[in-house]
Protein chains: 2
Amino acid sequence: MIRKEPLRPGGRSARVQASVHQAVRALQARHGRAGLTIPMIAAEAGVTPSTLYRRWGDLPELLADVAVERLRPDTPPRDTGSLRGDLEHWAEQIADEYASVPGRALIQDVLAANATPERAYQCCAFLREALGLVILRAQARGEPTPDVEMLIDGVMAPILYRILFLGDRPDKARVKALVARALQGLA
Amino acid sequence: MIRKEPLRPGGRSARVQASVHQAVRALQARHGRAGLTIPMIAAEAGVTPSTLYRRWGDLPELLADVAVERLRPDTPPRDTGSLRGDLEHWAEQIADEYASVPGRALIQDVLAANATPERAYQCCAFLREALGLVILRAQARGEPTPDVEMLIDGVMAPILYRILFLGDRPDKARVKALVARALQGLA
DNA sequence: CACCTAAACGCAAAGGATTTGCGTTTAACT
DNA sequence: AGTTAAACGCAAATCCTTTGCGTTTAGGTG
């Protein structure tokens, strides 16, 4: 949904986009992710391949577009009653989601689309938004809080680094330690 | 170089591999990275496309193979006389290298090769090795040292996260702060 | 409400890329 | 020197990608 909406005349943008996204989800669920092609997606979505080539350029771009939508959080972080609890619970949830086979593939799809780095930025923005909410709740409780960048560097970056480069979901103890370290020495 | 060496009969493995790697470097330097194709690389390397398809499967795998070799460090981290100095200097160097346009592309190539996650692991191993050396030198000086995983989480992960997801090379002040925080509270 | 315009789409042909079977060459081992 | 199996070159078949052109659609206008 990064493309500018057609403010000018023609364009059935929305309808095609929706059916293509749905087609990709269906095909990825049915077959694996490997071997997915643009003609295949076009057939499933009921459009011609040239439409997809014109709109997205190539398969990686299309997959990245779908991936960003799927990475968009559907629910805000759970309120556990404390900053530490919120962070631990939410970081665990993100780790589970991103370390799963489909989750890791989504991140790869986003990072592989080298034509539009804005998509990777968008994914980080989802995390920032969630962290911002957690921080606001903590401030409302009167707890001392770190800033968002500290949590990005101290908690999210290590989790994502390990998932991406080591194929390794950090275990609960490590996540707890990352959170503890990020909260260390607050006023 | 991940493939098992041909311990059995045939195979001119090494010769083809070398000329293909060289061809990719030459083509990426001449034209951009975009628009690179397997037939193009095959022509430059003086082999037939089918050879490359049989050995690597597809373009992302081939590019990932070349990228890992190019990410292999050629010199050990400089000895500045102190652990903090070594880490700061080396982290700056890695940040510069990985945040450059070709550097970022190499990392993307490595992460995009979803058939062989071992390559991403290998890249992390390069960093671990360098960090291990820095730590050994510090221990020889009698300095207290963190363990490698602490530095991976505290210094390398944030740098790489920001380069990959934000397209943003952390500035010198942030790198210094990351190092300082990772060294905080050592025995 | 009817008309106008430009973007998006479908179709189909042309141009490349990918796959695959088969014969040949190469390197290690005897 | 002979043997063997992997790797390679070649070429045909298949599939994907690109592109020109006519048609449809959505938004703007009189």
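Every chain is numbered from 1 and lettered A, B, ... according to where its sequence line falls, protein lines coming before strand lines.
- Annotation: side chain to side chain contact (heavy atoms under 4.5 Å, CB included) contacts of B/Asp74 (sequence neighbours excluded): none.
- Computed from coordinates, the B/Arg15 CZ to D/dC8 P distance equals 8 Å when rounded to whole Å.
- Counting to the nearest Å, the P atom of D/dA7 and the CH2 atom of B/Trp56 are 11 Å from each other.
- Atom pair B/Asp58:CG and C/dT19:C1' shows a separation of 13 Å (rounding to whole Å applied).
- Separating the CZ atom of A/Arg55 from the C1' atom of D/dT18 is a distance of 18 Å, rounded to the nearest angstrom.
- Evaluation of the ring-ring contact (aromatic ring centres under 6.0 Å, His included) rule for B/Tyr98 yields no partner, not counting sequence neighbours.
- Contacts between residues 34-41 of chain A and DNA chain D, defined by a heavy-atom separation under 4.0 Å, are made by A/Thr37, A/Ile38, A/Pro39.
- Note: CG (A/Leu59) to C1' (D/dC15) measures 14 Å, nearest angstrom.
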Which donor-acceptor pairs under 3.5 Å do the side chains of residues 136-145 of chain B make with protein atoms, sequence neighbours left out?
unit_1	atom_1	unit_2	atom_2	d
B/Arg137	NE	B/Asp86	OD2	3.4
B/Arg137	NH1	B/Pro77	O	3.0
B/Arg137	NH2	B/Pro77	O	3.1
B/Arg137	NH2	B/Arg78	O	3.1
B/Arg137	NH2	B/Asp86	OD2	2.9
B/Gln139	NE2	B/Thr145	OG1	3.2
B/Arg141	NE	B/Gly81	O	3.2
B/Arg141	NH1	B/Glu143	OE2	2.9
B/Arg141	NH2	B/Asp79	OD1	2.8
B/Arg141	NH2	B/Asp86	OD2	3.3
B/Glu143	OE1	B/Leu83	N	3.3
B/Glu143	OE2	B/Leu83	N	3.0

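- At least one side-chain heavy atom of A/Arg169 sits less than 4.5 Å from a side-chain heavy atom of A/Asp96.
- Take B/Ala177 and apply the side chain to side chain contact (heavy atoms under 4.5 Å, CB included) test, not counting sequence neighbours, and it matches no residue.
- Sorted by first and then second residue, the side chain to side chain donor-acceptor pair (under 3.5 Å) pairs with a member in residues 175-187 of chain B read B/Glu88-B/Lys176; sequence neighbours excluded.
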Might you list the N or O atoms of the protein lying below 3.5 Å from N or O atoms in nucleotides 11-15 of chain C, with each pair's distance?
unit_1	atom_1	unit_2	atom_2	d
C/dC11	N4	A/Ser50	OG	3.0
C/dC11	N4	A/Arg54	NH2	3.4

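- The side chain to side chain contact (heavy atoms under 4.5 Å, CB included) search around A/Arg162 returns A/Leu166, A/Pro170, A/Arg174, B/Arg128, B/Glu149, B/Ile152, B/Asp153, not counting sequence neighbours.
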Side-chain polar contacts of residues 99-107 of chain A - donor-acceptor pairs under 3.5 angstrom, sequence neighbours left out - could you list them?
unit_1	atom_1	unit_2	atom_2	d
A/Ser100	OG	A/Glu97	O	2.8
A/Ser100	OG	A/Gly103	N	3.0
A/Arg104	NE	A/Ile163	O	3.0
A/Arg104	NH2	A/Leu164	O	2.8

